[in-house]
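Here is the structure we will look at, set down as structure tokens.
Lettering follows sequence order; numbering is per chain, from 1.
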Amino acid sequence: MISSLPKRISTIAPLFQPLHLTQFKYLHLNNNLLQENNTYNNFNPESYYTSCLSQITHIRPLQQLHARLLVSGLHYNGFIITKFLNVSSNLGLVRYAHEVFDEFPDPYVFLWNAIIRGYSMQNMFSEAITMYLRMHECGVRPDGYTIPHVLKACGGLPSVRVGRAVHGHIFRLGFDWDVFVQNGLVSLYAKCSRIDVARVVFDRVDDRTVVSWTSIISGYAQNGQPWEALKIYREMRRLSEELDWVTLVSVLSAYTDVNDLQQGKSLHGCIIKLGLEFEADLRIALTTLYAKCGELVVAKSLFDQMEVPNVMLWNAMISGFAKNGCAEEAIQLFWDMLSKNIRSDSITIRLVILACAHAGSLEQARCMDEFITNSDYKHDIYVNTALIDMYAKCGSIELARRVFDRILNKDVVAWSAMIVGYGLHGQGRESIDLFQAMIQAGVTPNDVTFIGILTACNHSGLVEEGWYFFHSMRQYGIEPRHQHYACLVDLLGRAGFLEQAYHIIRKMPIEPHVSVWGALLGACKIYRHVTLGEYAAERLFSLDPYNTGHYVQLSNLYASVRFWSGVAKVRVMMKERGLSKDLGYSLIEINGKLEAFRMADKSHPRSKEIFKELEILERRLKAAGYIPDTESVLHDLSHEDKEETLCNHSERLAIAYGLISTSPGTTLRITKNLRACVNCHSATKMISKLVNREIVVRDANRFHHFKDGLCSCGDYW
DNA sequence: ATAGGGTTAG
């Protein structure tokens, strides 16, 4: 019917602009729609137009129909216009809907509901609230249908304030018994991080529906309490409550958060049995679960089975690759997306930047930066902040700074990213200066800023400064968390104040976590403090029994005081628990390509040349007076396996390869999966001077810039 | 005669 309209109507209607009454005459003179309508017997315009409207999927027919309403005078028909507003909002044309709404004289509650719903659905929350307030001003009383939309809009606002006010209206209007309103309140408080209040509301709901249950489950899942979410889910099952696929999405997300692949898999089975496996959103949740738990092959097969392109699914897959050591795959997936013309969003972009940060290739990082500079995300603060982190992690603090400087309205996250970046590169002073500049700029630091500044002090050995910053946290209303304590313990411990560090741990108002004891153990290793180290290790083994790193640290501590039976004891413990130490490797980027080396690796096509270069280096090092510390290293499990010589650690192979494949003076950029070993560190310092090269090494923890025989870490890492 | 609530990627 719509398509049989005379062409000229559609040429009158400008795209995205509603027709106005001023155009009415012109339309009237130029069409014969009324005649067309009159051919129906007992023509009922309301059912006719609602039926037309429900079939509309594009703006053009919507405008045509609008024109017909204007000509026929039906734009004063509240019933039809309500339907019209709903359909245009569903198509994302809520501004158009608003203009049509404004043309309607004295709108009554149905029309108000439609426009508020439109804004709320399109996530235009403040507009929705504005309309709600205007509705009050116009003296129109909201009904039970108004409130849920308003509550949804309140949940999207940064503060719970408006939501509370609406909660007040609810009582006054007497809608507090309405289960739709109650459900809306549960998700409102959950979204505003007031899960405790959400729970109180939920507990008072008499006739809970599946939506009530889903709201509270997802509320706990969103508020970092997946265990509680799962507890309620079990309760729901116990009561044989009905559940649907939306509930399962939240439950899967809770399993993902607690890394429970077992339960997740079993739920996957249920989903198949229920015939819900083709539900797109469930597929996204399942892909996320498998990807997060490292089952990338399963995740990829779920991903591949979906034919309809879906940004969220792509993001879930890219995220899975990026965070599970498959950065290259993540980046590749993004290029696939571009070549297939699949719409990406700012989350995709941020994930790909994250992947670049993990990959560590400066060339790739530059490429991504260029892509963004030529895209709509050029001024996106989140994207630019991710770029700062990326450049810092890819070894170029200068390029990170350049991105930082081009951000106009820097928020606390952008400042923090740069502060963390300086810390990563051991530039503690720059980090502190930037922190002060941030305060000057009137930006309030948050807990992450302090982690950054404390890490920076740590990496630069700025004990007093770190101590000062730690104690200034409360001044900004920030309660120190585990990581802050871990930084402080690390800071004191590395500087040799072991007893003080231990004292801090004992006085902590929160239960010390793995990171805190880990910091203490690390310090004990440096200062060969066996008893305290053993104590810290004990705590660590009970808190985190399958982390290889702790065993290695303890073994190193024993080795450093030549307590060989202790070393053997740790080895037995590891064997009993089925643990083996991580193999070391180094990556070097040559001509934009990353190449990997393992210890004593002879698999490289240019292996012969590499080992020849290594020999030359070794001779030059000896001539320059370099004496490796053999004994401790031979038993040092944290680094790479012992060999008869020390010069074939993966890091050295990478350096040798770098030297023979780049022109003199080129900076070498190396990424290691473990921390720098003492011997390689001092050797690399000398090499940088001997061959007159800058060598940038990213270890598991931080960056080392070797230049002229010195390292930016000041031998403090 | 019209219409309402919950979810996933970060």
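Rounded to whole Å, the distance from CG on Leu74(A) to C1' on dT2(B) is 15 Å. Distance Ile216(A) CD1 to dT7(B) P: 12 Å, rounded to the nearest Å. The CZ atom of Arg199(A) sits 20 Å away from the P atom of dG6(B) (whole-angstrom rounding). Here dT7(B) presents its P atom at 14 Å from CG of Leu282(A), a figure rounded to the nearest Å. Ile116(A) has its CD1 atom 16 Å from the C1' atom of dG5(B), to the nearest Å. Computed from coordinates, the Tyr382(A) OH to dG10(B) P distance equals 15 Å when rounded to whole Å. Look at CG on Leu302(A): it is 15 Å from P on dA9(B), rounded to the nearest Å. Atom CZ of Phe104(A) and atom P of dT2(B) are 18 Å apart (whole Å).
Taking 4.0 angstrom as the limit, Ser319(A) places a side-chain polar atom (N or O) nearer than this to OP1 or OP2 of dG10(B). A sub-4.0 Å separation between OP1 or OP2 of dA3(B) and a side-chain N or O of His149(A) is absent.
When heavy atoms are screened at a 4.0 angstrom cut-off, Gly144(A) is found touching base atoms of the nucleic acid. Among the heavy atoms of the strands lying under 4.0 Å from Thr82(A) is at least one base atom, whether or not backbone atoms are also near. Within the 4.0 angstrom heavy-atom criterion, only backbone atoms of the sugar-phosphate kind lie near Arg117(A); the bases stay farther away. At a threshold of 4.0 angstrom between heavy atoms, the contacts of Lys323(A) are confined to the sugar-phosphate backbone, with no base atom among them. Nucleic acid contact class of Trp245(A) (heavy atoms, under 4.0 Å, all strands): base. Using a 4.0 Å heavy-atom criterion, one finds that Val210(A) contacts the bases of the nucleic acid, with or without backbone contacts as well. Within the 4.0 angstrom heavy-atom criterion, only backbone atoms of the sugar-phosphate kind lie near Gln222(A); the bases stay farther away. Among the heavy atoms of the strands, none lies under 4.0 Å from Thr348(A).
In the interface, the side chain of Ser215(A) is not paired with the base of dG6(B) through any donor and acceptor atom under 3.5 Å apart. Side chain Asp244(A) to base dG6(B): a donor-acceptor pair is found below 3.5 Å. Between the base of dG4(B) and the side chain of Asn183(A) there is no donor-acceptor pair shorter than 3.5 Å. Taking only distance into account, the side chain of Thr209(A) meets the base of dG5(B) through a donor-acceptor pair shorter than 3.5 Å.
Side chain of Phe180(A), nearest nucleotide from dG5(B), dT7(B), dA3(B): dG5(B). The side chain of Phe79(A) lies closest to dT2(B) when the candidates are dG10(B), dT2(B), dG5(B). Nearest to the side-chain atoms of Asp281(A) among the listed nucleotides dG5(B), dG10(B), dT8(B) stands dT8(B). Among dT8(B), dT2(B), dG6(B), the nucleotide with an atom closest to any side-chain atom of Phe110(A) is dT2(B). Which of dG6(B), dG4(B), dT8(B) sits closest to the side chain of Asp178(A) comes down to dG4(B). Nearest nucleotide to the side chain of Ser218(A), out of dG10(B), dA3(B), dT7(B): dT7(B). When the nucleotides dA9(B), dG5(B), dT2(B) are ranked by their closest atom to the side chain of Asp345(A), dA9(B) comes out on top. Of the candidate nucleotides dT2(B), dA9(B), dG6(B), dG6(B) has the atom nearest to the side chain of Lys152(A).
Between the side chains of Asn446(A) and Thr449(A), at least one donor N or O lies within less than 3.5 Å of an accepting N or O. In this structure, a donor-acceptor pair under 3.5 Å is present between the side chains of Tyr391(A) and Asp369(A). Neither side chain, Ser301(A) nor Asp304(A), offers a donor N or O lying under 3.5 Å from an acceptor on the other.
Figure legend: Lys410(A) and Phe404(A) shown as a cation-pi pair, the cationic atom lying under 6.0 angstrom from the six-membered ring centre and within 45 degrees of its axis.
Not counting sequence neighbours, the partners of Lys231(A) by the salt bridge (Lys or Arg N to Asp or Glu O under 4.0 Å) test are Glu228(A).
The main-chain N or O of Thr385(A) is never found under 3.5 Å from a side-chain atom of Asp389(A) such that the two would form a donor-acceptor pair.
Across all non-hydrogen atoms, the minimal contact from Lys152(A) to Ser120(A) is NZ-O, 3.1 Å.
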